[in-house]
Amino acid sequence: MAPVGPRSGEAIFASVERVNAELFTLTYGAIVRQLLTDLEEVEEVNKQLDQMGYNIGIRLIDEFLAKSNVSRCVDFKETAEVIAKVGFKMFLGVTASVTNWDAEGTCCNIVLEDNPLVDFVELPDTCQGLYYCNILSGVIRGALEMVSMKTEVTWVRDMLRGDDVFELQVKLLKQVPEEYPYKDDE
């Protein structure tokens, strides 16, 4: 039997069981609205959404690795491309592009032309500091931490704030060496 190669985000998205997009969008909106009611401070809601995303990301990476058949990425640049082309397509049905690399190859921006989380959303004036999709930055941060990459993920542009695209900046803070709990040779 021939070895199985990596699957494209499009192929995975087509084969994965999905929930209704409107239900997903409205449920996420209800969560954000409840956080705004409970926490009252927009900055606290941003932190909570990031933490929720982080918790999702540390679990989602297992499903991603199991279903995508992606082999270990050689560097941060390849990792960012896989997130943009396979990860976003696999889980949200959208394709992203990677732009604005720094000279060291440790910082880039991921641009989303479309974002299903924001369908039916308009931010009121009282929520102008809210990063409505901050859960995505947490998901990326959590998933990358599980593959030994400590990152900082922040929003650069947001269509809900009048920008033309959704854009996340992903900065590699450090590559964490893998630790094994025990030695086999002892």
(message) For D62, give me all partners under side chain to side chain donor-acceptor pair (under 3.5 Å), at least two apart in sequence or on another chain.
(response) none
(message) Less than 4.5 Å apart, side chain to side chain, heavy atoms only: is that true for L136 and F166?
(response) no
(request) Mind checking salt bridge (charged side-chain N to carboxylate O under 4.0 Å, His left out) for K77 and listing every partner two or more places apart, or none if nothing turns up? (result) none
(request) Enter the distance from M146:CE to R59:CZ here, rounded to the nearest 0.5 Å. (result) 9.5 Å
(message) Just so I know, are the side chains of L36 and E40 near enough to count as touching, which here means a heavy-atom distance under 4.5 Å?
(response) no
(request) Can you see which heavy atom on V98 is nearest to which on A84, and at what distance? (result) CG2-CB, 3.6 Å
(request) Hydrophobic side-chain clustering at under 4.5 Å (ILVMFWY, transitive links): who's grouped with L173? Put none if nobody. (result) none
(request) Name all residues meeting the salt bridge (charged side-chain N to carboxylate O under 4.0 Å, His left out) criterion together with D158; count only those two or more places apart in sequence or in a different chain, and write none if there are none. (result) none
(request) Could you tell me which non-hydrogen atom of A96 sits nearest to which non-hydrogen atom of F88, and how far apart they are? (result) CB-CD1, 4.1 Å
(request) Go through the structure and list residues passing side chain to side chain donor-acceptor pair (under 3.5 Å) with D164, not counting sequence neighbours. (result) R157
(request) Name all residues meeting the salt bridge (charged side-chain N to carboxylate O under 4.0 Å, His left out) criterion together with E43; count only those two or more places apart in sequence or in a different chain, and write none if there are none. (result) none
(message) Could you work out, with side chain to side chain donor-acceptor pair (under 3.5 Å) as the rule, every residue matching S137, not counting sequence neighbours?
(response) D50, N134
(message) Taking ring pair (Phe, Tyr, Trp, His ring centres under 6.0 Å) as the definition, give me every residue that meets it alongside Y132, ordered by chain and number, with sequence neighbours left out.
(response) Y28
(request) Answer yes or no: is there a side-chain heavy-atom contact under 4.5 Å between Y54 and E145? (result) yes
(message) Atom CZ of residue position R161 - does it have more than 12 heavy atoms of other residues, nucleotides or ligands inside 6.0 Å?
(response) yes
(message) Treating R141 as the side-chain partner and T154 as the backbone partner, does any N or O pair qualify as donor plus acceptor under 3.5 Å?
(response) no
(request) Drop me the distance from K85's NZ to S97's OG, to the nearest 0.5 angstrom. (result) 6.0 Å
(request) Tell me, please, which residues at least two apart from L39 pass side chain to side chain contact (heavy atoms under 4.5 Å, CB included). (result) L35, E44, V45, Q48
Under 3.5 Å, sequence neighbours excluded: what are the donor-acceptor pairs made by side chains of residues 99-118?
residue, atom, partner, partner atom, Å
D102, OD1, G105, N, 2.8
D102, OD1, T106, N, 2.8
D102, OD1, C107, N, 3.2
D102, OD2, T106, OG1, 3.1
N109, ND2, E167, OE2, 2.5
N115, OD1, L117, N, 3.0

(message) Hydrophobic clustering (ILVMFWY, side-chain heavy atoms < 4.5 Å, transitive) - are V94 and V165 grouped together?
(response) no
(message) Can you confirm whether V153 sits close enough to L144 that some side-chain heavy atom of one is under 4.5 Å from a side-chain heavy atom of the other?
(response) no
(request) Taking the side chain as every heavy atom from C-beta outward, state whether F91 and L60 have any pair of such atoms under 4.5 Å apart. (result) yes
(request) Heavy atoms only: give me the nearest I31-M52 pair and the separation to one decimal. (result) CG2-CE, 3.6 Å
(message) Within the structure provided, determine whether M149 and T79 are in side-chain contact (heavy-atom separation under 4.5 Å).
(response) yes
(request) Check whether V32 and V42 end up in the same hydrophobic cluster, where Ile, Leu, Val, Met, Phe, Trp and Tyr are linked by side-chain heavy atoms less than 4.5 Å apart. (result) yes
(message) Going by side chain to side chain donor-acceptor pair (under 3.5 Å), name the residues that satisfy it together with Q51, two or more places apart in sequence or in a different chain.
(response) N55
(request) Give the cluster check for V156 versus L160: same hydrophobic cluster or not, with ILVMFWY residues linked at side-chain heavy-atom distances below 4.5 Å. (result) no
(message) Please list all pairs meeting salt bridge (Lys or Arg N to Asp or Glu O under 4.0 Å) that have one or both residues in residues 117-130, counting only residues at least two apart or in different chains.
(response) none
